[in-house]
Amino acid sequence: MGLMPEKVPEKFLKPYNPQAVEGKIYKKWEESGYFNPDNLPGNRTQPFTITLPPPNVTGTLHVGHAYEDTLQDILIRFERMRGKKALWVPGTDSAAIATQARVEKNIQKDEGKSRHDLGREELVRHVTEFAKNSEATILSQVRKMGASLDWSRYAYTLDEKRNTAVFTAFKRMYDAGLIYRGNRIVNWDPKGQTTISDDEIVHEERDAKLYTFRYSKTFPIPVATTRLETKVGDTAVAVHPDDERYKQYVGKEYDAVLCDVPVHIKIIADAAVDPAFGTGALGVTPAHSQTDWEIADRHDLPRPQIINEIAKMTVEGRLCGKKTTEAREAVAEWLQNEGLLEKVEDIKQNVSTSERTGAIIEPLPKLQWWIDVDKNFVHQNGSTTTLKKVMRQAVESSAVTMPQEGFRNAYFHWIDNLRDWCISRQIWFGHRIPVWYKGDEIYCDVGAPQGDGWKQEEDVLDTWFSSALWTFSTLGWPEKTKDLETYHPTSVMSPAYEILYLWVSRMILMSEFHLGQPPFKTVLIHGLVRAKDGRKFSKSLNNGVDPLDIINKYGADALRMGLIVGAAVGADVKFDEQRVKGYKLFANKLWNIARFVLSQEQTGDIKPELKQEFDTMAADVTKDIEEYRIYMAAEKLYHYIWDRFAAQLIEESKGKPEYGASLYYILENSLKLLHPFMPFVTEEIWADMPSKKDLLMVEGWPTK
RNA sequence: GCGCGGUUAGCUCAGUUGGUAGAGCAUCCCCUUGACGUGGGGAGGGUCGUAGGUUCAAGUCCUACACCGCGCACCA
């Protein structure tokens, strides 16, 4: 007995070298065709589908993507080995606003030109070219992670099939009356010069001044505001219906001239007013505040617009053409001189800013395209319902399950506060709205109308409109394809919690409306990858981690393990390079285990108690993966293989030939169990296992 | 204000139905000329945020509070 080096393949005599192995292995997988479930061996009937949340073509992959890819790849490889038709659909997202903004910035910097200097066609050409480049970069990075995506089904939100899907979806919802064009208050981004949705807003706390003033000497109620300049657009003062102080004034109307602007103020009672804030009286500016717009709806007030798209005043008189911030000071000074300013206080205020550009949002009334979430339509199951109800019920009924309860409640909370979705954007890159105008006529269809004189809508769609169709547009919809029938609803969707509302809810909305079924059965929400100190990775902190650097240092397997073992799914992961290093050592440990076991004869019978012990562990690990305790599964395997198998069993076996078959059994099945987590090193060892028949990635899972 | 997480070893985090507190890293000690020094063995270290409650038994269930993080709404 003892070592029989002549039996061990040459490669095992050196330490495991991921750099030399991973590229080769990935190529082998791709060439096998097994990423495509149609090519998988055996008689497979049960589908298992994941759609990759498409990364934006704005740049390169970050470590958050690497984490997301790993989670999904583990599930896909697991189910593939369990004999399912495992399909993981890759794709990328044009990310209209983000990508255009990025390219505009580059052009401004390099050539000193704006998008208007270039024109629509030229700009779109630039953006498309940029998108192509970063698409290529991103896809090569995803491959490096070992992601077993079916590249034959690759989709891009702006490719021809997805265009058809987007236009068809628009047309059908337009015909159902769920998409309408309406003049309503929008979130206007003065820097980006476009509307944005409620979900693209971030609130920032800033210092502000709270002014208390009267419209005129004879006006009975003082009013507090931080936005003095908008007061020339006021048409009412609202008080709480139960507020005894002001009851006597409700219904009265007053005229005043504020900074040369004549205003007509009606005093009204509305429950939206907080009697405890300021003076308990709210100056209502219908055209420049979401709340005030709604109050104006209820009281049928006029809504003069006094600020334009570049955040300048449009009224006559001294304020004309001033920026809002300058106008504010001008009004304060004027009130002071007139003796109408009663008080100025410093307060903290949450300001709405654009997530993308950082600009302060200016609420404005604009003619835009909307999806009505409260309007009745007939669902394909025959019931009359609304999009809002459909989004709620899909989760409430557990047609869509969210294993993490907390996110489920947050989802409901969000749905209940949902307003109509503004889907038009004033940019050039993206899906142009399939609507044409001629005089008063409006035409909506997948293609342009016949005849002369039609002009297509200039706006493009919110990028989330096309993303919302993603689970089924990638499978060929609106055609009735075999893929759609087989793989939809998909099995698991795994987005970061950041986009639970933005994306998940909207996929449910679209899938329920267009297909009459949910887009997926399970939503597995994952956390963010943060720096070791808990802060977000960001350019300004310069604490970014490039997954490619980590892969080059430690290998993709080690990176995968290091990310997975960081935290339970759903919690934030703190990235720790030391941990990744530890798993590089583990890969090498496994390598040496193989070296030892392969040097032994497979003598003796498999010892029942060892088999029993292994199989129990395997069943345990299986259950953990099934119930998404990915972290636990990985840890258990790690411990079994290192502490039990290597440290104890192999040590005991030395000089005892009767252990040979047992050791081989454990190695063979450990490789299978570990494959979803560390696909490269396990596949590389597998290639030299005497019992192998095919690639490890399609071997049967060792336990039920 | 409403809601959701979190609070466990020096650090990062596990702890699945309540049953004698765990891992990795870090620290310290010891061992080792054949699978692997990218090794092996061992040790120290925790009143499981606070205060109550339920229970034979609570890190785990309940209530309140504190602190940290996040989301939503308001912010006139």
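Order of the sequence lines fixes the chain letters, A, B, ..., with proteins taken first and strands second; residue numbering starts at 1 for each chain.
- Mapping A:Tyr631 and A:Phe407 onto RNA chain B by nearest heavy atom places A:Phe407 at the nucleotide closer to the 5' end.
- If you check residues 579-592 of chain A against RNA chain B, the residues with a heavy atom closer than 4.0 Å are A:Arg579, A:Leu585, A:Asn588, A:Lys589, A:Asn592, listed by number.
- A donor-acceptor pair under 3.5 Å links the side-chain atoms of A:Asn187 to the main chain of A:Ile196, judged by distance alone.
- Residues from residues 280-293 of chain A placing a heavy atom under 4.0 Å of any atom in RNA chain B, listed by number, are A:Leu282, A:Gly283, A:Thr291.
- The closest donor-acceptor contact from the side chain of A:Tyr411 to the backbone of A:Met391 lies under 3.5 Å.
- A side-chain donor-acceptor contact under 3.5 Å links A:Glu668 and A:Ser691.
- Comparing A:Arg530 and A:Glu635, the nucleotide of RNA chain B nearest to each residue sits closer to the 5' end for A:Glu635.
- Within a heavy-atom distance below 4.0 Å of RNA chain B, the residues of residues 226-242 of chain A found are A:Thr226, A:Lys231.
- Side-chain contact between A:Trp464 and A:Trp421 is present, with at least one heavy-atom pair separated by less than 4.5 Å.
- Of the possible polar contacts, none joining the A:Asp292 side chain to the A:Pro286 backbone as a donor-acceptor pair under 3.5 Å is found.
- In terms of phosphate contacts, A:Trp642 brings a side-chain nitrogen or oxygen within less than 4.0 Å of OP1 or OP2 of B:rG40.
- Contacts between residues 680-691 of chain A and RNA chain B, defined by a heavy-atom separation under 4.0 Å, are absent.
- One atom, OH of A:Tyr497, and another, P of B:rG3, lie 21 Å apart when rounded to the nearest Å.
- Using a 4.0 Å heavy-atom cutoff across all strands shown, A:Asp572 reaches no nucleic acid atom at all.
- Applying the ring-ring contact (aromatic ring centres under 6.0 Å, His included) test to every pair with at least one member in residues 224-243 of chain A, sequence neighbours left out, gives no pairs at all.
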**Study point:** Secondary structure string for RNA chain B (Watson-Crick or G-U under 3.5 angstrom, | for other-strand pairs)
**Key:** (((((((..((((.....[..)))).((((((....).))))).....(((((..]....))))))))))))....
